[in-house]
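These notes concern the structure reproduced below.
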Amino acid sequence: MRIATWNINSVRIRFELIRAFVEKYKPDVLCLQETKTQDESFPHLEMQSLGFNYREIRGEKSYNGVAILSKIPIRLSDKLTFFNDQSRHISVHLENGIELHNFYFPSGGDIADPSINQKFHHKLQYIDNVADWFKRYRSDNKKIILVGDLNIAPGKNDVWSHRQLLDTISHTYMEVYHFNRLMKSINFIDVSREFVSYEEKLYSWWSYKNIGWRENDKGRRLDHILATQSLKESLNKHFICKEFRDTNGPSDHVPVLIELTKD
DNA sequence: ATGGTTGGGGTCCAA
């Protein structure tokens, strides 16, 4: 089974890109963030045409928005709200017993000081609340996968320059502290790092503002797949689909995909 | 050098 996550930055404008991705990588389940579409405007028929017969969505006007599209049956679990009422989370049960959470964490604004930047304060609080929720309501012996744009690049090789980005939101020690709390909440595995050594640079996002992003390669790893320990033996393949940053009209994020063996 | 680009909705905000 293949599960993918992608911050699509408008699901409507990038449907043809989604089609190309689905045809190439054949995900069974596709989790999207930043759909930027109210539920009544979600492109259901188009998604159905790609074989996604099962869809759970949570949108809002203009901003945020998450969706889980699936070729295999899914059952809605939760649409949780951590701290504010924005559409940043949706979760489902898969028929093989896995619970799948799709998140779009707050970006956090520009100034890396929670005492003067309310958005950053909210971001830290949001991560903390998510960690608390998993610690309180979920157990590390369950099969749980958490994916999404977490807007945090936790490791020194998850950014193009650890030293130069220490005061840049997404890579501050404060965010890494809260990210690690989330990781420990139910003993999550950082799946991408199971496949790619911590010593290697690994990115999933390159800013639109960085012209020549490929030559400069000033990327960050903001998109994550976390899994509980009971899924460790099922992890079979992993792709960060960098070629989708090179298309016409790309998202600034690329898809991250894992394949699980049947158990 | 402190910019740069993009999408949605509406003449600016968020990323």
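Both backbone and side-chain heavy atoms feed into the values below; hydrogens, waters and symmetry mates do not.
At the phosphate of B:dT6, neither OP1 nor OP2 sits under 4.0 Å from any side-chain N or O atom of A:R245. The phosphate of B:dA14 has OP1 or OP2 within less than 4.0 Å of a side-chain N or O from A:K119. Phosphate contact (OP1/OP2 of B:dA14, side-chain N/O of A:K123, threshold under 4.0 Å): absent.
B:dT6 atom P lies 15 Å from atom NE2 of A:H253, rounded to whole Å. Rounded to an integer number of Å, the gap from CZ of A:R220 to P of B:dA15 is 14 Å. When the P atom of B:dG10 is taken as reference, atom NZ of A:K36 falls 14 Å away, rounded to whole Å. Atom-to-atom, CG of A:N64 to P of B:dG7 comes out at 17 Å; the value is rounded to the nearest Å. Remark: P of B:dG7 and CZ of A:R14 are 5 Å apart, rounded to the nearest angstrom.
Side chains of A:T172 and A:E175: a donor on one and an acceptor on the other come within 3.5 Å.
As judged by a 4.0 angstrom heavy-atom cut-off over every strand, A:R88 is placed among residues touching the sugar-phosphate backbone only.
Using a cut-off of 4.0 Å between Lys/Arg side-chain N and Asp/Glu carboxylate O, A:D190 and A:K184 are scored as not salt-bridged.
At a threshold of 4.5 Å between non-hydrogen side-chain atoms, the residues A:Y203 and A:V254 do not count as touching.
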